Amino acid sequence: MGKINVLIIGSGGREHSLAWAIAKSPMLEQLYCNPGNAGMAQVSTCVELDTDNHQAIIDFVVDKKIGFVVIGPEAPLVDGLSDSLQSVGIMAFGPSAAAAQLEGSKAFTKDLCAAHSIPTAAYRRFKEAAPAKAYLQTKKMPIVIKADGLAAGKGVIIAEDLRQAEAAVDDIFNGQFGAAGSELIIEEFMEGEEASFFVLVDGKHCLALASAQDHKQVGDGDVGPNTGGMGAYSPAAVMSEDMCALTMREIIEPTVKALNQAGTPFCGVLYAGLMITAEGPKLIEYNVRFGDPECQVLMMRLKSDLLPALMATADGSLADITLDWHGQAALSVVMATRGYPGSYDKGSTISGLDQAGNRENVTVFHAGTAQQNGDIIATGGRVLNVTALGATVSQAQSRAYGAVDAIDWPQGFCRRDIGWRAIEREKRHPQ
Ligand code: AMP
Ligand code: GLY
């Protein structure tokens with residue numbers, strides 16, 4: 001096969017790790033990223049195109065003879081960028097807008113689960129506050145209230161009592177999450193341990209990648225407001241081989257089949273947010289893209305060439321692909337700007353990145369960074385993902401924090417306990 005030019009859409013740590021993996025591919029000719037960040041600029045040519053302007057992306061792809069476009073975040077997928085590219089014969093990684101409804105509408109996914117007996121929390125949909133509140137009166141607490149649409153991971157409220165639950169209903173219908181809150185779901189609270197599970201799907205065939213665990217809350221000990229994710233590790237011990245097989249059989253495969261039958265096959269990476277309950281794995285939600293920072297730990301563990309696997313996902317030939325993984329654990333610590341997930345200042349200077357990144361088994365992925373007069377500056381909330389491999393999660397953790405400590409960025413902070421659940425397990429069951 002000839003070499004190929006590739007364009008990655010996005011600018012987060014997820015996209016940097018995809019760029020880092022694709023840059024190693026012998027199949028790659030030239031890599032472009034839109035818009036990218038300071039880390040991605042080290043392995044690609046970054047451009048500034050308006051991702052909402054699909055024609056501008058198509059024109060650029062044609063001009064630069066790009067053969068494959070990898071779409072990182074959910075918003076352009078839900079907006080149909082993959083459809084626009086494919087309608088003019090451009091190969092793209094990422095599902096159609098119709099299949100992206102799995103992430104774009106929680107009600108769509110819940111209805112699909114109900115129709116195909118896929119295990120998930122019991123639920124009801126509501127378009128008005130009065131019937132939602134009447135329903136709440138009949139339910140046990142805690143209970144979970146969710147805005148239907150995309151709300152940047154913030155549209156979920158776990159209410160401990162009726163008062164909180166009613167307030168959540170009012171907040172959603174009063175527009176706290178904008179258009180995402182024109183409908184809401186009330187669902188049963190599931191007890192268990194959470195895990196993320198990633199599977200490539202080419203419309204028909206599935207190729208399980210790996211599992212991971214995220215740390216959504218901003219503070220050590222899982223306290224404080226939710227964020228996009230403050231750190232992750234892979235694999236998740238709770239996702240044993242049997243649990244992965246059960247998840248494939250009961251959750252992933254029926255979903256893939258249902259979308260196929262509906263005439264809207266899913267092509268891309270299916271990210272199942274799972275609750276491992278006493279009754280087995282249950283779906284919390286689907287995302288239609290890699291997780292961030294879960295992608296970073298997956299990319300560290302992947303031994304095989306990523307590019308042909310993503311291309312096979314897009315062109316329906318995934319059945320021909322096998323992937324090799326490092327048996328080691330990977331762990332990623334997110335460094336964020338002080339104030340995140342609330343308001344924060346932009347533009348602080350970061351140094352020490354080379355000392356950190358040159359350590360053995362460590363890679364520092366960039367998220368909200370830019371180059372300014374030769375310095376690397378912070379431009380976002382989540383800024384760096386300090387990622388390490390280790391024989392155990394404990395070793396990966398100590399390597400990652402060793403590298404964090406080599407970074408000089410007084411305006412940054414991170415959680416100090418990423419991986420705690422796995423490390424407690426490792427202490428209980430030393431290898
Ligand atoms: P989501 O945005 O749907 O992933 O939800 C955000 C977080 O809320 C999840 O990661 C879970 O920790 C929690 N959550 C969502 N739904 C439930 C549920 N039905 N039971 C318990 N926790 C939930
Ligand atoms: N880390 C959570 C997500 O990517 O949705």
Side-chain angles (χ1 to χ4, degrees), residues 10 12-15 17-18 72-75 77-78 100 102-110 113 119-124 139-160 165 168 172 177 180-181 184-198 211-218 222-234 236 238 269-279 281-299 332-334 336 341 365 367 381-382 385 387 415 418 421:
R14 166 181 51 211
E15 287 79 19
S17 70
L18 292 170
E74 62 277 17
L77 294 168
V78 172
L102 277 183
E103 177 163 358
S105 166
K106 295 189 192 296
F108 172 89
T109 299
K110 297 298 284 190
C113 288
T120 186
Y123 74 107
R124 284 274 296 273
K139 294 314 240 186
K140 279 198 319 232
M141 301 291 139
I143 199 154
V144 185
I145 326 265
K146 301 184 174 182
D148 174 59
L150 286 184
K154 299 188 181 90
V156 174
I157 297 113
I158 298 178
E160 299 295 336
I172 291 175
F177 304 106
L184 61 74
I185 299 178
I186 299 180
E187 67 177 43
E188 160 208 7
F189 177 80
M190 298 185 284
E191 302 247 17
E193 183 170 340
E194 275 185 73
S196 309
F197 188 59
F198 297 86
S211 62
Q213 250 166 1
D214 189 12
H215 300 63
K216 288 215 163 92
Q217 284 170 292
V218 73
D222 295 330
V223 299
N226 267 345
T227 69
M230 292 303 291
Y233 61 92
S234 172
V238 62
V269 59
L270 201 49
Y271 159 178
L274 302 171
M275 189 69 84
I276 310 304
T277 71
E279 294 113 63
K282 291 190 183 181
L283 184 72
I284 300 174
E285 62 160 3
Y286 274 129
N287 297 307
V288 299
R289 43 150 182 104
F290 282 105
D292 186 344
E294 293 95 321
C295 187
Q296 293 82 312
V297 285
L298 261 52
M299 291 306 115
S332 186
V333 176
V334 171
F365 295 116
R382 294 192 296 171
N385 312 133
T387 312
R415 276 181 63 161
I418 299 304
R421 212 185 275 276

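Just so we're clear, the structure is a prediction, and the values are computed from it rather than from any experiment. Order of listing sets the numbers, starting from 1, for every ligand and every atom in it.
Under the 3.5 Å distance criterion, the side-chain polar atoms of His215 are left unmatched by any main-chain donor or acceptor of Ile418. Panel note: side chain Gln217, backbone Gly224; a donor-acceptor pair is recorded below 3.5 Å. Not a single donor-acceptor pair under 3.5 Å links the side chain of Thr277 to the backbone N or O of Glu191. Remark: the backbone N or O of Ser211 is paired with a side-chain donor or acceptor of Ser234 at under 3.5 angstrom. With hydrogens and angles ignored, the 3.5 Å screen pairs no side-chain donor or acceptor of Gln213 with any backbone N or O of Ala236. Judged by distance alone, the side chain of Glu103 and the main-chain N or O of Val288 form a donor-acceptor pair under 3.5 Å.
Within the 4.0 Å heavy-atom cutoff, Arg289 counts among the residues contacting ligand 2. At least one heavy atom of Lys106 sits less than 4.0 Å from an atom of ligand 1.
Atoms of ligand 2 lying under 4.0 Å from any heavy atom of Tyr271, numbered from 1 in the order shown and given with element: 2 (C), 3 (C), 4 (O), 5 (O). Interface atoms of ligand 1 facing Met275, defined by a heavy-atom separation under 4.0 Å, are 21 (C), 22 (N). Close contacts between ligand 2 and Gly291 involve ligand atoms 4 (O) [criterion: under 4.0 Å to a heavy atom]. Near Lys146, with a cut-off below 4.0 Å to any heavy atom, the atoms of ligand 1 are 3 (O), 15 (C), 16 (N). For ligand 2, the atoms sitting less than 4.0 Å from at least one non-hydrogen atom of Gly228 are 1 (N), 2 (C), numbered in the order shown with element in parentheses. Counting the atoms of ligand 1 from 1 in the order shown, those under 4.0 Å from a heavy atom of Glu285 are 1 (P), 2 (O), 3 (O), 4 (O). In the vicinity of Glu187, heavy-atom distances shorter than 4.0 Å reach the ligand 1 atoms 16 (N), 17 (C), 18 (C), 19 (N). For ligand 1 and Ile284, the ligand atoms under 4.0 Å from any heavy atom of the residue are 3 (O), 15 (C), 16 (N). Close contacts of ligand 1 with Val144, meaning ligand atoms under 4.0 Å from a residue heavy atom, involve 16 (N), 17 (C), 18 (C), 19 (N), 20 (N). The atoms of ligand 2 that sit less than 4.0 Å from any heavy atom of Asp214 are 1 (N), 2 (C).
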Steps toward side chain to side chain contact (heavy atoms under 4.5 Å, CB included) verdict (Ile284, Met190): CA-CA 9 Å; Ile284 300 174; Met190 298 185 284; 3.7 Å; yes
Trace of the side chain to side chain contact (heavy atoms under 4.5 Å, CB included) decision for Thr109 with Thr120: CA-CA 10 Å; Thr109 299; Thr120 186; over 6 Å; no
Side chain to side chain contact (heavy atoms under 4.5 Å, CB included) between Ile157 and Ile172, worked out: CA-CA 10 Å; Ile157 297 113; Ile172 291 175; 4.1 Å; yes
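Distances between N or O atoms of Ala121 and those of ligand 1 include no value under 3.5 Å. The distance criterion of under 3.5 Å between nitrogen or oxygen atoms is not met by Asn226 with respect to ligand 1. The shortest N or O to N or O distance between Arg14 and ligand 2 is not below 3.5 Å.
Between Tyr123 and the options Lys110, Lys106, Lys146, a side chain to side chain contact (heavy atoms under 4.5 Å, CB included) holds for only Lys110.
Of the listed residues (Ile158, Leu283, Asp222), the one carrying the non-hydrogen atom nearest atom 14 (N) of ligand 1 is Ile158.
Looking at Glu191 against ligand 1, nothing comes within 4.0 Å, counting heavy atoms. Residue Glu294 touches ligand 2 through its side chain alone, judged by heavy-atom distances below 4.0 Å. By the criterion of a heavy-atom distance under 4.0 Å, both the backbone and the side chain of Met190 are placed next to ligand 1.
Taking 4.5 Å as the limit, some side-chain heavy atom of Arg382 sits within range of a side-chain heavy atom of Asp292. For the pair Glu15 and Cys295, the minimum side-chain heavy-atom distance is 4.5 Å or more.
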